[in-house]
Amino acid sequence: MVDPKSNESSATYFILIGLPGLEEAQFWLAFPLCSLYLIAVLGNLTIIYIVRTEHSLHEPMYIFLCMLSGLDILISTSSMPKMMAIFWFNSTIIQFDACLLQMFAIHSLSGMESTVLLAMAFDRYVAICHPLRHATVLTLPRVTKIGMAAVVRGTALMAPLPIFIKRLPFCHSNILSHSYCLHQDVMKLACADIRVNIIYGLIVIISAIGLDSLLISLSYLLILKTVLGLTREAQAKAFGTCVSHVCAVFIFYVPFIGLSMVHRFSKRHNSLLPIIMANIYLLVPPVLNPIVYGVKTKEIRHRILRLFHVTTPTSDP
């Protein structure tokens, strides 16, 4: 299928195809997707509300968690409303500038989330390996500056992407293979040399996602080295404070790395696999993160139950 505007030298809009081969089922698939989106928004808003209203939770670990929840809401909101419009109302057209804005939002917010996950790993490293220095190293003003640095870093790294896309001519097709705009998907439609886009995309992945994941791994190696020298009871307590963050790291990085690999090695442009993985990448982490922290973090769990007037036994671990 080639759009009538395929002969133009530049695209004025793109067409989002949703789920190829499942067009008849898209209307019904939208209902569980919409339910997951609402769960993600409500779950993350609950985390933010609890941390904000409970003064005992005004600590670096929980402030970073609030940042993570806020980013999860923004990431899912940047794509899900348009996805629902495609599935329910067949609103497949997205204007060129709107596509660039959505692409920039998704990629920059993902970069910010990676930075916040790195900050959370550093917080756990200091708390476990240097507990006496934790209060002086991670003060509230310093935590605020880290949050601002995450925003600046994510914005600065992804700002060139729309510029690189805007310089490209699109003379073959303007039909995208996803339900939203991704840089690697849009650039493949160009009828010009896209080596600059590819190289810069690799630089961003290596300098942001690659570096962050490496430093997170290093933090946990140092944590593991310290924990192995503690008593069994202290080990259990230390590991307990890290479980939620480790889960959040895997929930974020595994779909991201998987999606990047599929995009680089998949030969079929309209294959369902990268499309499904892209939807998982933007929707599953925002849904699972508040559930993981709500279940695994005692302080969050107790306050959620108390918020809904559910009593908990005092012996709850």
Side-chain angles (χ1 to χ4, degrees), residues 16 36-37 40-41 43-44 64-83 98-121 146-165 176-187 197-198 200-217 245 247-264 274-290 292:
L16 303 168
L36 289 174
Y37 172 62
V41 172
N44 285 291
F64 286 135
L65 177 57
C66 273
M67 296 179 189
L68 187 69
S69 294
L71 289 170
D72 279 340
I73 292 173
L74 292 175
I75 287 176
S76 56
T77 302
S78 66
S79 60
M80 286 305 297
K82 180 60 180 177
M83 197 183 302
C99 181
L100 294 187
L101 179 61
Q102 185 185 57
M103 179 188 73
F104 170 73
I106 291 171
H107 290 298
S108 61
L109 290 169
S110 297
M112 295 174 202
E113 182 154 340
S114 179
T115 306
V116 170
L117 288 170
L118 174 59
M120 296 174 80
I146 292 174
M148 294 173 62
V151 174
V152 171
R153 183 193 188 211
T155 303
L157 279 174
M158 304 304 171
L161 294 183
I163 299 172
F164 290 154
I165 290 294
L176 297 173
S177 63
H178 287 306
S179 306
Y180 53 85
C181 296
L182 285 175
H183 174 253
Q184 54 265 47
D185 195 24
V186 175
M187 71 177 183
N197 297 68
I198 294 173
Y200 188 77
L202 287 172
I203 291 173
V204 168
I205 290 176
I206 293 170
S207 62
I209 305 299
L211 180 62
D212 291 353
S213 58
L214 179 64
L215 291 175
I216 290 171
S217 301
H245 179 253
C247 291
V249 168
F250 277 102
I251 289 169
F252 175 80
Y253 284 107
V254 170
F256 181 91
I257 294 172
L259 179 61
S260 298
M261 296 293 288
V262 168
H263 265 290
R264 296 197 179 281
I275 299 171
I276 293 174
M277 290 190 68
N279 293 338
I280 289 173
Y281 164 62
L282 286 192
L283 188 56
V284 171
V287 171
L288 291 184
N289 281 337
V292 168

Check: Considering only heavy atoms from C-beta outward, does the side chain of Val41 approach that of Met80 to under 4.5 Å?
Finding: no
Checklist line | pair Ile209-Phe252: side-chain heavy atoms closer than 4.5 Å | finding: yes
Next item on the list: Please report the shortest heavy-atom distance between Pro290 and Pro286, naming the atom on each side.
Entry: CD-O, 3.1 Å
Check: Do Pro255 and Val284 touch side chain to side chain, with heavy atoms closer than 4.5 Å?
Finding: no
Next item on the list: For His107, check ring-ring contact (aromatic ring centres under 6.0 Å, His included) against everything at least two apart and list the hits.
Entry: none
Margin query: Could you check whether any side-chain heavy atom of Leu161 comes within less than 4.5 Å of a side-chain heavy atom of Phe104, counting everything from C-beta outward?
Written below: no
Check: What closest approach, in Å, do Ser179 and Leu16 show between heavy atoms, and which atom pair accounts for it?
Finding: O-CD1, 3.6 Å
Next item on the list: Identify the two heavy atoms, one from Pro162 and one from Ala159, that lie closest to each other, and give their separation to 0.1 Å.
Entry: CD-O, 3.1 Å
Item checked: side-chain hydrogen bond (donor to acceptor under 3.5 Å, both in side chains) contacts touching residues 150-161 (sequence neighbours left out) -> Thr115-Arg153, Arg153-Asp212
Margin query: A side-chain contact here means heavy atoms from C-beta on lying under 4.5 Å apart; do Met187 and Ile198 qualify?
Written below: yes
Next item on the list: Please report the closest heavy-atom contact between Ile146 and Ala119, naming both atoms and the distance.
Entry: CG2-CB, 3.7 Å
Next item on the list: Output all residues satisfying ring-ring contact (aromatic ring centres under 6.0 Å, His included) with Tyr281, sequence neighbours left out; order by chain, then residue number.
Entry: Phe256
Check: Under the ring-ring contact (aromatic ring centres under 6.0 Å, His included) test, which residues partner Tyr200, sequence neighbours left out?
Finding: Phe164
Margin query: Would Val204 and His183 count as a side-chain contact (heavy atoms from CB on, under 4.5 Å) here? Give the steps.
Written below: CA-CA 12 Å; Val204 168; His183 174 253; over 6 Å; no
Margin query: Using 0.5 Å steps for rounding, measure from the CG atom of Leu176 to the CE atom of Met103.
Written below: 10.5 Å
Notebook entry, point to check: What distance do Leu36 atom CG and Leu288 atom CG have between them, rounded to the nearest 0.5 Å?
Noted result: 9.0 Å
Check: Looking at CG of Leu74 and OG of Ser79, how far apart are the two atoms once the value is rounded to the nearest 0.5 Å?
Finding: 11.0 Å
Next item on the list: Search all heavy atoms of Ser76 against all heavy atoms of Pro81 and return the closest pair with its distance.
Entry: O-CD, 4.1 Å
Check: Any side-chain heavy atom of Tyr253 within less than 4.5 Å of one from Ser114?
Finding: yes
Name every donor-acceptor pair, under 3.5 Å, that has one atom in a side chain of residues 64-71 and the other anywhere in the protein, sequence neighbours excluded.
residue, atom, partner, partner atom, Å
Ser69, OG, Asn44, OD1, 3.3
Ser69, OG, Leu65, O, 3.2

Notebook entry, point to check: Do Tyr180 side-chain atoms and Ala278 backbone N/O form a donor-acceptor pair below 3.5 Å?
Noted result: yes
Check: Can you check whether Ser177's main-chain N or O pairs, donor with acceptor, with Asp185's side chain at less than 3.5 Å?
Finding: yes
Check: In Å, rounded to the nearest 0.5 Å, how long is the span from CD1 of Ile75 to OG of Ser110?
Finding: 4.5 Å
Item checked: Pairs flagged by salt bridge (charged side-chain N to carboxylate O under 4.0 Å, His left out) wherever residues 100-109 is involved - sequence neighbours left out -> none
Next item on the list: Could you tell me whether the side chain of Leu283 reaches within less than 4.5 Å of the side chain of Met83, counting heavy atoms only?
Entry: no
Next item on the list: Find the distance between CG (Leu214) and CG (Leu118) and round it off to the nearest 0.5 Å.
Entry: 10.0 Å
Checklist line | Gap separating the CD1 atom of Ile73 from the CG atom of Leu109, nearest 0.5 angstrom | finding: 11.5 Å
Checklist line | Which atom of Pro285 lies closest to which atom of Asp72, heavy atoms considered | finding: O-OD2, 4.0 Å
Notebook entry, point to check: For Leu117, does its backbone N or O pair with a side-chain atom of His245 as donor and acceptor, under 3.5 Å?
Noted result: yes
